[in-house]
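Report on one structure; see the data block that follows.
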Number of protein chains: 2
Amino acid sequence: MKMSGGVEWGLHCCVVLSGAGAPVTAAKLAELHDVSQSYLAKQLQLLSRAGLVRSTLGQSGGYVLTRAANEITVLDVVEAIDGVEPAFRCTEVRQRGPMAVPAERCDTPCPIARTMDSADRVWRESLRRVTIADLIADVNRTTPPEILAGAREWLRA
Amino acid sequence: MKMSGGVEWGLHCCVVLSGAGAPVTAAKLAELHDVSQSYLAKQLQLLSRAGLVRSTLGQSGGYVLTRAANEITVLDVVEAIDGVEPAFRCTEVRQRGPMAVPAERCDTPCPIARTMDSADRVWRESLRRVTIADLIADVNRTTPPEILAGAREWLRA
DNA sequence: CTTGACTCGGACAACTGTTGTCCGAATAGA
DNA sequence: TCTATTCGGACAACAGTTGTCCGAGTCAAG
């Protein structure tokens, strides 16, 4: 089980976008994070489709967050890039084979599916509790101020 | 993000093995669940490596649980088949690019990684709370008794 | 004790999904 | 009007998972 690597990039991009007041291009975001520009563009498309960022075309265009940082949860980004499908999907094994349980007796979901579903729910709930604003606060607290200022300046240029 | 489909099979096998007193062959388990015999064998190998089941060779051989059903958690099976690696892996983007944070200033993990780690922990904790015995109790409560008896008989034959 | 048939175990392909790249359509500014 | 610059979706390469096979080892019966 592996989450898409684009989730990490997407979250970093949201943090950066929140700090910059003006639109930032995909190329700049890619260079800043030292990742493939073309591939990061795809992740930004996913964020755009999900309505988390808005893109403006032409000169001096780029990406901007559509909401305030404290209105965007980590779960929003994860689901936008990695999808909303739960990791476990019940295939109803109990309805197959020589000792199959008839479908009309399967009104309640399989206990295995229920267990997985419950775990998935607490996982998502945990991610929903953290917002981009929380991440930013943590970054501001743990990274040297001169680097933060440098990054802000580098983005402007 | 998608969990290996073998996890579902492995859990069903554990439930069945717990009910049968004698060793059950991979072929029988595959036929009972109507899944590929060769592929299920691989999942059983993983369970064997993890020490959850013990295999006996030769005639009248097969698989048996090594512990009582209430001593095996769902998480045990998930980690045996799907691996113990967390879904999210931090690639330390902050240490890359033109505004890289020097490694010696990165003693605390990235807030993104911390968030993901925390979610992963509650997910695993949720799965650890449920044992095979719990699943069996649920199955016994929700499936028609005649089918349970039939399956037990079918396994013996 | 010999034989024989049956078991699991690891090595070998096929396939789906993710990762990565490219060029065209559309846009804002000069 | 024109040009430079932007994003967006279509096109390959790679990896991991899924699926299959045959050989080594083992127990039971004769």
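Chain letters run A, B, ... following the sequence lines, proteins first and then strands; every chain starts at 1.
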Base, sugar-phosphate alone, or nothing: which one does [X] contact when heavy atoms must sit under 4.0 Å apart?
{"X": "S38(B)", "answer": "base"}
{"X": "K42(A)", "answer": "base"}
{"X": "G6(B)", "answer": "nothing"}

Backbone N/O of [Y] and side chain of [X]: donor-acceptor pair under 3.5 Å:
{"X": "S18(B)", "Y": "C14(B)", "answer": "no"}
{"X": "R94(B)", "Y": "M99(B)", "answer": "no"}
{"X": "D134(B)", "Y": "T131(B)", "answer": "yes"}

* **Hphob cluster co-occupancy, L135(A) + I147(A), side-chain heavy atoms under 4.5 angstrom** => no
* Should V24(B) and V64(B) be counted in the same cluster of Ile, Leu, Val, Met, Phe, Trp and Tyr side chains packed under 4.5 Å apart? ->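 In one cluster: no.
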* To do: Determine the minimum heavy-atom distance between V74(A) and M116(B), stating which atoms define it.
  => CG1-CE, 4.1 Å
* Residue pairs fulfilling side chain to side chain donor-acceptor pair (under 3.5 Å) with at least one residue in residues 35-45 of chain A, sequence neighbours excluded ->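 Pairs touching residues 35-45 of chain A that pass the test: Y39(A)-Q43(A).
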Between the protein and nucleotides 5-9 of chain C, list the N/O to N/O atom pairs that are separated by less than 3.5 angstrom.
| unit_1 | atom_1 | unit_2 | atom_2 | d |
| --- | --- | --- | --- | --- |
| dT7(C) | O4' | G58(B) | O | 3.3 |
| dC8(C) | OP1 | A26(B) | N | 3.3 |
| dC8(C) | O3' | S55(B) | OG | 3.2 |
| dG9(C) | OP1 | S55(B) | OG | 3.0 |
| dG9(C) | OP2 | Y63(B) | OH | 3.0 |

* For M1(B) and dT19(C), give me the distance from atom CE to atom C1', rounded to whole Å. =>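 That distance rounds to 18 Å.
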* Nearest whole angstrom, please: distance from the C1' of dA14(C) to the OH of Y39(B). =>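 It works out to 13 Å between those atoms.
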* To do: Determine, for E31(A) against K28(A), whether the closest basic-nitrogen to carboxylate-oxygen distance falls under 4.0 angstrom.
  =>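 Judged by the 4.0 Å cut-off on N to carboxylate O distance, E31(A) and K28(A) do not form a salt bridge.
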* Asked: Under a criterion of less than 4.0 angstrom to any heavy atom of chain B, what are the 5'-terminal and 3'-terminal contacting nucleotides of DNA chain D?
  ->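 Endpoints of the contacted stretch of DNA chain D: dT18(D) to dA28(D).
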